[in-house]
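For reference, the structure discussed in these notes is given below.
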Amino acid sequence: MLPYSGHVNPDPYALATEAAEHVRTALGIESADLALVLGSGWKEATDRLGDPIGRIDLAELPGFHAPVVAGHGGELIAFGTAAGKTALVFTGRTHLYEGRGVDAVVHGVRTAAALGVQTLVLTNGCGGLDPAIAPGTPVIIRDHLNLTGETPLRGATFIDMSTTWTPRLVEVAQSVDPTLTTGVYVQFRGPQYETPAEVRMAGVIGGTLVGMSTTLEAIAAREAGLDLLGLSLVTNAAAGVTDAPLDHHEVIEAGRAAGPRLAGLVADLVAVL
Ligand code: 8IG
């Protein structure tokens, strides 16, 4: 097989079908019901999902790549849920700033859809605009702003985005943890963090959370007809919100400290999704 470059593959959907076939063989499953993508700080979220049915390094699957950033994982792990469903967990993702193109960014979503997944949970680590939200607090994504200038769609593909973040799943998440608030996630291209002026802009246009992932995957998920739940872990105050400078290691530490809460939240969610 030729090495894959996200920029030149003429049929990313066929590549996702191919990856799905590898997953079936490698994990011994026929299909899956839910999929979760774990972002920065969400690594421990699998801790309470029980024993995996199977696992595979993403780098071994067609179209996937090894993670480039410390703190980002790179496995696909399958679990059986308490409700008798099959859940797939991607412990890492490809980011737009890695330069592999948008198809590489949404390949996991398309692969999950090719495996029959109906419900997708996208998680990430982000900066928070509200200084009252302490680092280590998860927030439900209720809507988003895609400021990347990119889209995974090609041609005149007019996808309805009015209920992208499935309202019913927002309610499910709040019933699992009534302390969860909701936010509007703004995706910047990265990899640099925002300037204080960019963070103020994000607030003026309706954003409450800033990050470098998730919205392109959300578009691909809507194209595939998936129900979608988003959870952002606020790992730091966005630039200019407090006096603290942004530091990648602090971001990782905030995630580590939140680990047990996130593991409980994800386990409770997976049991009812
Ligand atoms: I974790 O403050 C994390 N990811 N763009 N800004 C952006 N991405 C982030 C941030 C942040 N924190």
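Both counts, for ligands and for their atoms, begin at 1 and track the order of listing.
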Is there a donor-acceptor contact under 3.5 Å from the side chain of H107 to the main chain of P62? yes

Angle between ring planes, F90 versus F64, binned at 30° and 60°: parallel, tilted or perpendicular? parallel

Going by the 4.0 angstrom heavy-atom rule, the piece of T235 near ligand 1 is side chain

Would you say F188 contacts ligand 1, with heavy atoms under 4.0 Å as the rule? no

Below a 4.0 angstrom heavy-atom separation, can you tell me which part of N236, side chain or backbone, both or neither, approaches ligand 1? side chain

Which protein heavy atom lies closest to atom 5 (N) of ligand 1, and at what distance to 0.1 Å? E194 OE2, 2.4 Å

Please check if the side chain of E60 supplies one atom and the backbone of D57 the other of a donor-acceptor pair under 3.5 Å. no

For S213, does its backbone N or O pair with a side-chain atom of Y185 as donor and acceptor, under 3.5 Å? yes

If we check side chain to side chain contact (heavy atoms under 4.5 Å, CB included) with N124, which of these qualifies: V37, I141, L233, L231? I141

Note: ligand 1 atoms sitting under 4.0 Å from heavy atoms of M212 are 5 (N), 7 (C), 8 (N)

Under 4.0 Å, counting heavy atoms only: does G190 come that close to any atom of ligand 1? no

For atom 8 (N) of ligand 1, what is the closest protein heavy atom, and at what distance to 0.1 Å? G211 CA, 3.3 Å

Can any side-chain N or O of E21 pair as donor or acceptor with the backbone N or O of E18 at less than 3.5 Å? no

Check whether T81 reaches the backbone of T86 with its side chain - one donor and one acceptor, N or O, closer than 3.5 Å. no

Can you tell me the protein heavy atom closest to atom 4 (N) of ligand 1 and the distance? G125 O, 3.5 Å

For atom 9 (C) of ligand 1, grab the closest protein heavy atom and report residue, atom and distance to one decimal in Å. Y193 CE2, 3.6 Å

Side chain, backbone, both or neither: which part of C126 has a heavy atom under 4.0 Å from ligand 1? backbone

